[in-house]
Amino acid sequence: QVQLVESGGGLVQTGGSLRLSCAASGRTFSTYTMGWFRQAPGKEREFVARITMAGGSTYYADAVKGRFTISRDIAKNTFYLQMNSLKPEDTAIYYCAARSGGSYYVTPSQYEYWGQGTQVTVSS
């Protein structure tokens, strides 16, 4: 069974940083695309960033470019989201996701596996 487990969420003030982790298990993910999404209260789930496990190609939503960095550790089947210069509008539940193949997958429907989510709250 494929399992994705997020960790690292919490409360941080505006301008602060957090690093989210997503540990994947139950499958060989060497050819997968791993993504981060977030969902704020009253909003639909939105794309944040994704990375290909094979080549480390990254892609970001405009809202987080220059502030967030996605990375992966192939040996650990883990990928990360380093979030810097956090803003109140970054407050959301953050979900990690995975799907086979490597491309510019940016919608929830394109991802097959999901973690349980981790809360990120940015205070002013």
Side-chain angles (χ1 to χ4, degrees):
Q1 181 179 350
V2 171
Q3 185 176 29
L4 304 179
V5 180
E6 302 100 332
S7 62
L11 175 65
V12 65
Q13 66 183 24
T14 297
S17 298
L18 285 172
R19 186 178 71 173
L20 306 183
S21 299
C22 182
S25 62
R27 189 71 53 86
T28 298
F29 296 97
S30 59
T31 61
Y32 272 62
T33 294
M34 320 300 276
W36 287 100
F37 290 78
R38 65 188 183 187
Q39 189 163 20
K43 301 291 184 67
E44 294 187 341
R45 192 166 299 187
E46 68 172 351
F47 169 78
V48 175
R50 72 100 177 109
I51 188 167
T52 59
M53 294 296 281
S57 174
T58 60
Y59 186 71
Y60 299 91
D62 287 343
V64 306
K65 285 180 179 177
R67 300 188 297 121
F68 291 9
T69 302
I70 189 170
S71 61
R72 92 287 197 211
D73 186 327
I74 296 174
K76 295 181 178 180
N77 281 335
T78 300
F79 63 107
Y80 309 92
L81 186 68
Q82 177 67 46
M83 305 185 294
N84 299 325
S85 302
L86 283 162
K87 306 173 181 179
E89 51 262 46
D90 295 318
T91 295
I93 300 174
Y94 283 70
Y95 299 88
C96 64
R99 68 152 289 154
S100 60
S103 191
Y104 295 101
Y105 305 122
V106 297
T107 64
S109 64
Q110 291 176 304
Y111 286 80
E112 185 176 7
Y113 304 106
W114 292 86
Q116 80 288 347
T118 185
Q119 178 70 47
V120 171
T121 302
V122 184
S123 63
S124 60

With a 3.5 Å distance limit and no angle check, can you tell me whether Thr14 reaches the backbone of Ser123 through a side-chain donor-acceptor pair? yes

Per the side chain to side chain contact (heavy atoms under 4.5 Å, CB included) rule, which among Arg38, Gln82, Met83 passes with Leu20? Met83

So, the side chain of Arg50 versus the backbone of Ser57: is there a donor-acceptor pair under 3.5 Å, distance only? yes

Closest non-hydrogen atom pair between Ile93 and Gly117, with its separation: CG2-CA, 3.8 Å

Side chain of Gln116, backbone of Glu6: donor and acceptor closer than 3.5 Å? yes

What do you reckon, is CD of Glu89 surrounded by more than 12 foreign heavy atoms closer than 6.0 Å? yes

Report the distance from atom CE of Met53 to atom CG of Asp73, rounding to the nearest 0.5 Å. 8.0 Å

Val2 and Trp36: same hydrophobic cluster, using ILVMFWY side-chain contacts below 4.5 Å? yes

Quick one: are Leu4 and Tyr95 in side-chain contact, heavy atoms under 4.5 Å? no

Give a yes or no answer on whether the side chain of Thr91 reaches the backbone of Val122 with a donor-acceptor pair at less than 3.5 Å. yes

Looking at Lys76 and Tyr80, what are the two nearest heavy atoms and their distance? CD-OH, 4.2 Å

Centroid-centroid distance, Tyr111 to Phe37, less than 6.0 Å: yes

Any side-chain heavy-atom pair from Thr69 and Tyr60 closer than 4.5 angstrom? yes

Roughly how far, to the nearest 0.5 Å, is OG of Ser25 from OH of Tyr113? 11.5 Å

Looking at every heavy atom in both Val12 and Leu18, which two are closest together, and how far apart are they? CG1-CD1, 4.0 Å

Lys43 atom NZ: more than 12 heavy-atom contacts under 6.0 Å: no

Any donor-acceptor pair under 3.5 Å linking the side chain of Gln39 with the backbone of Ala92? no

Where do Gly102 and Thr52 come nearest, in terms of heavy atoms and distance? CA-CG2, 3.8 Å

Spell out, as yes or no, whether a donor-acceptor pair under 3.5 Å connects the side chain of Tyr94 to the backbone of Gly8. no

Taking all atoms of both residues into account, what is the closest heavy-atom pair of Cys96 and Phe79, and its distance? CB-CZ, 3.5 Å

When rounded to the nearest 0.5 angstrom, what is the spacing between NZ in Lys65 and OH in Tyr59? 5.5 Å

Under a 4.0 Å N-O cut-off, is there an ion pair linking Asp90 with Lys87? no

Can a donor-acceptor pair be found, under 3.5 Å and without considering hydrogens, that links the side chain of Arg99 to the backbone of Gln110? yes

Non-hydrogen atoms of Phe47 and Val106 that approach each other most closely: CB-O, 3.1 Å

Within the 4.5 Å heavy-atom criterion, are Tyr32 and Arg72 side-chain neighbours or not? no

Considering residues, nucleotides and ligands other than Gln119, do more than 12 of their heavy atoms fall under 6.0 Å from its CD? yes

How long is the gap from CD on Gln13 to CG on Leu86, to the nearest 0.5 Å? 10.5 Å

